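Please read these numbers as outputs of a predicted model, since none were measured by experiment.
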Amino acid sequence: MAAFYPRLLHRRDALRLLADHHPHRLRLWKLSTGEILLYPRALRIGRHTRGGNIRVRLEPSGQIREFRECCLFEIDDILIHF
């Protein structure tokens with residue numbers, strides 16, 4: 001029997017999924033230009049709760065990126081809603 005994977009997640013559940021110490025495929029909007037960014041293997045390394053910022057490390061390059069959590073709209077091909 002195949003496992004059930006949801007096609008839609010609430011923001012709160014998506015942030016919980018992101019904190020599981022495994023790399024994830026993220027899609028998000030860039031605030032300044034509105035273009036869509038793809039991070040194929042991003043590992044969360046921190047979160048600033050009051051500012052709403054999330055820091056991730058991109059594998060295998062090791063680059064660190066930071067983005068607003070409201071810009072994240074897809075994690076592992078699952079849409080996120082607020």
Subject >> Sidechain N-carboxylate O distance under 4.0 Å for R41, E59 >> reply: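 E59 and R41: not salt-bridged.
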Where is the tightest heavy-atom contact between [X] and [Y], given as atom of each residue plus distance?
{"X": "I75", "Y": "L9", "answer": "CG2-CD1, 4.3 Å"}
{"X": "C71", "Y": "L31", "answer": "SG-CG, 3.5 Å"}
{"X": "R44", "Y": "V56", "answer": "CA-CG1, 4.0 Å"}
{"X": "L17", "Y": "H24", "answer": "O-NE2, 3.2 Å"}
{"X": "I80", "Y": "R11", "answer": "CG2-CA, 3.7 Å"}

Say you draw a straight line from [atom1] of [X] to [atom2] of [Y]; how long is it, rounded to the nearest 0.5 Å?
{"X": "F67", "Y": "L37", "atom1": "CZ", "atom2": "CG", "answer": "9.5 Å"}
{"X": "R55", "Y": "H48", "atom1": "CZ", "atom2": "NE2", "answer": "9.0 Å"}
{"X": "L26", "Y": "R65", "atom1": "CG", "atom2": "CZ", "answer": "13.0 Å"}
{"X": "K30", "Y": "I36", "atom1": "NZ", "atom2": "CD1", "answer": "13.0 Å"}
{"X": "N53", "Y": "R68", "atom1": "CG", "atom2": "CZ", "answer": "6.0 Å"}
{"X": "L28", "Y": "Y39", "atom1": "CG", "atom2": "OH", "answer": "5.5 Å"}

Subject >> side chain to side chain contact (heavy atoms under 4.5 Å, CB included) assessment of R25 paired with L38 >> reply: CA-CA 7 Å; R25 182 179 187 269; L38 173 66; 3.7 Å; yes
Original post:
How are the rings of H81 and H10 set relative to one another: parallel (under 30°), tilted (30 to 60°) or perpendicular (over 60°)?
Top reply: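 It falls in the perpendicular class, over 60°.
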**OP:** Check whether any side-chain heavy atom of L15 sits under 4.5 Å from a side-chain heavy atom of R47, and report yes or no.
**Re:**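 Yes - at least one pair of side-chain heavy atoms lies under 4.5 Å apart.
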Original post:
Would a 4.5 Å heavy-atom cut-off, applied to side chains only, mark I54 and E66 as touching?
Top reply: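 No, side chains not in contact.
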Original post:
When you measure from the side chain of D76 to the backbone N and O of I78, does any donor-acceptor pair fall under 3.5 Å?
Top reply: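 Answer holds: no.
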